[in-house]
Amino acid sequence: MGEQPIFSTRAHVFQIDPNTKKNWVPTSKHAVTVSYFYDSTRNVYRIISLDGSKAIINSTITPNMTFTKTSQKFGQWADSRANTVYGLGFSSEHHLSKFAEKFQEFKEAARLAKEKSQEKMELTSTPSQESAGGDLQSPLTPESINGTDDERTPDVTQNSEPRAEPTQNALPFSHSSAISKHWEAELATLKGNNAKLTAALLESTANVKQWKQQLAAYQEEAERLHKRVTELECVSSQANAVHTHKSELNQTIQELEETLKEKEEEIERLKQEIDNARELQEQRDSLTQKLQEVEIRNKDLEGQLSDLEQRLEKSQNEQEAFRNNLKTLLEILDGKIFELTELRDNLAKLLECS
């Protein structure tokens, strides 16, 4: 189909209550992916959101649509074809602003595409008789294509909650002259188409009945194909979203693998450092043990030295006492020898005298 997602974000989705036209009804229990899609075949921009396999938003962007920010995190737009008003609650003001910018960008692109389409139709159209426009009226009306003009839109007040829940009192949308001009342009386009169909029918009067039968068959087939296309578009958008998510996961996995590889290299480096640290710790323990042994040996040697010093001091004291005793003994001996010498002399004198 040539339809591809061109921008995606996440938001809580709401729709206006069809009964009160004031209260918001949440269509998703949690934040879901909301995507802009571009169909290059039909040159159409759409907003699509899926909750599981259910399409909760399927809105074709037209030039007369307006996206309104009703609070810092909440915005809404009216879709006349779906006859409803969609509301989106974002997690931040940045996401809301980005979505609003894309809405305005694709709305302008849709307007330019419509103008180009109208220019091509004017160039390729052939002159038709003015009177033929009143002979045959097409069953197509602006209301049957784009919904009714009396669509009511809700009021929304600002809400600063994280989920950006809408309040009960909403900002009312009024149908402006721009919408009326749009319907007039649509009506003029349809009148031109009716004129072309009238001219074609006037040229093929004989085959009108057959064409009506074929047209009915084509309408039934087109309706069936349209339903089938809608189902396939939903499936395709979901597949595209899954593919995008898969690409993101693959990229994340690749980044994680690179990070894991870096971590493994760092772990290997740390293991080497740990081994080196263990070797240094073992060397340190060995040196510490040797130091302890040396200290113990030192203490033993110091004890032995202290004992030897005590023994030496004791020996010196004993030698000093022995010297003193010997000196005393020598003095006594000298006195005795002197006394013996005197005694010998006295005895010699006595012998001589006798």
Side-chain angles (χ1 to χ4, degrees), residues 5-18 20-28 31-39 44-51 55-114 142 145-159 163-183 186 233 237:
I6 52 180
F7 177 78
S8 296
T9 186
R10 293 185 69 81
H12 294 272
V13 180
F14 301 86
Q15 284 189 13
I16 199 66
D17 190 342
T20 63
K21 295 294 183 180
K22 291 184 179 180
N23 300 328
W24 288 105
V25 178
T27 56
S28 63
V32 296
T33 301
V34 181
S35 303
Y36 285 100
F37 279 78
Y38 174 62
D39 189 346
V44 171
Y45 294 87
R46 293 198 302 161
I47 302 174
I48 294 177
S49 178
L50 297 176
D51 188 4
I56 55 179
I57 298 179
N58 187 359
S59 177
T60 302
I61 299 176
T62 59
N64 65 307
M65 282 185 176
T66 302
F67 184 83
T68 305
K69 298 179 183 178
T70 57
S71 70
Q72 293 182 349
K73 299 180 182 180
F74 193 85
Q76 62 186 37
W77 78 97
D79 188 343
S80 58
R81 297 186 179 186
N83 194 23
T84 188
V85 179
Y86 293 104
L88 295 179
F90 296 88
S91 59
S92 67
E93 185 177 1
H94 171 72
H95 289 86
L96 172 60
S97 300
K98 190 68 175 178
F99 187 88
E101 291 175 3
K102 292 296 181 180
F103 191 98
Q104 186 64 29
E105 176 185 343
F106 300 144
K107 170 186 170 181
E108 183 66 18
R111 184 185 66 80
L112 295 175
K114 182 178 180 181
I145 294 177
N146 296 315
T148 59
D149 287 340
D150 57 349
E151 175 183 294
R152 297 175 59 185
T153 54
D155 297 340
V156 176
T157 58
Q158 291 191 357
N159 189 351
R163 180 174 170 172
E165 291 284 352
T167 59
Q168 296 296 327
N169 296 322
L171 178 65
F173 281 100
S174 63
H175 291 281
S176 63
S177 60
I179 297 178
S180 298
K181 291 179 180 180
H182 167 71
W183 295 128
E186 291 285 345
E233 285 176 349
S237 60

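Residue indices begin at 1 and follow the sequence shown.
- Side chains of Thr60 and Arg46: a donor-acceptor N/O pair is absent below 3.5 angstrom, by distance only.
- Between Leu88 and Ile57, the closest side-chain pair of non-hydrogen atoms falls below 4.5 Å.
- Between Tyr36 and Phe7, the two ring planes are tilted [angle within 30° to 60°].
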Checklist entry - For Phe90 and Val34, what are the C-alpha separation, side-chain angles and deciding distance, and is it a side-chain contact (heavy atoms from CB on, under 4.5 Å)? => result CA-CA 11 Å; Phe90 296 88; Val34 181; over 6 Å; no
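- The salt bridge (charged side-chain N to carboxylate O under 4.0 Å, His left out) check on Lys114 picks up Glu186, with sequence neighbours excluded.
- With rounding to the nearest 0.5 angstrom, the CZ atom of Phe99 is 8.0 Å from the OG1 atom of Thr9.
- Tyr86 is linked by a ring pair (Phe, Tyr, Trp, His ring centres under 6.0 Å) to Trp77, counting only residues two or more places apart in sequence or in another chain.
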Donor-acceptor contacts under 3.5 Å from residues 102-109 side chains, at least two apart:
residue: Lys107; atom: NZ; partner: Met65; partner atom: O; Å: 2.7
residue: Glu108; atom: OE1; partner: Arg111; partner atom: NE; Å: 3.3
residue: Glu108; atom: OE2; partner: Arg111; partner atom: NE; Å: 3.2
residue: Glu108; atom: OE2; partner: Arg111; partner atom: NH2; Å: 2.3

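- Note that NE2 of His95 is 10.5 Å distant from CZ of Arg10, once rounded to the nearest 0.5 Å.
- Side-chain contact between Ile61 and Phe67: absent, with no pair of heavy atoms (C-beta onward) separated by less than 4.5 Å.
- We find the CZ-CD distance between Phe14 and Gln76 to be 11.5 Å, quoted to the nearest 0.5 Å.
- Atom OG of Ser28 and atom CG of Leu50 lie 11.5 Å apart (nearest 0.5 Å).
- Contact check for Ile16 versus Thr84: side-chain heavy atoms found under the 4.5 Å cut-off.
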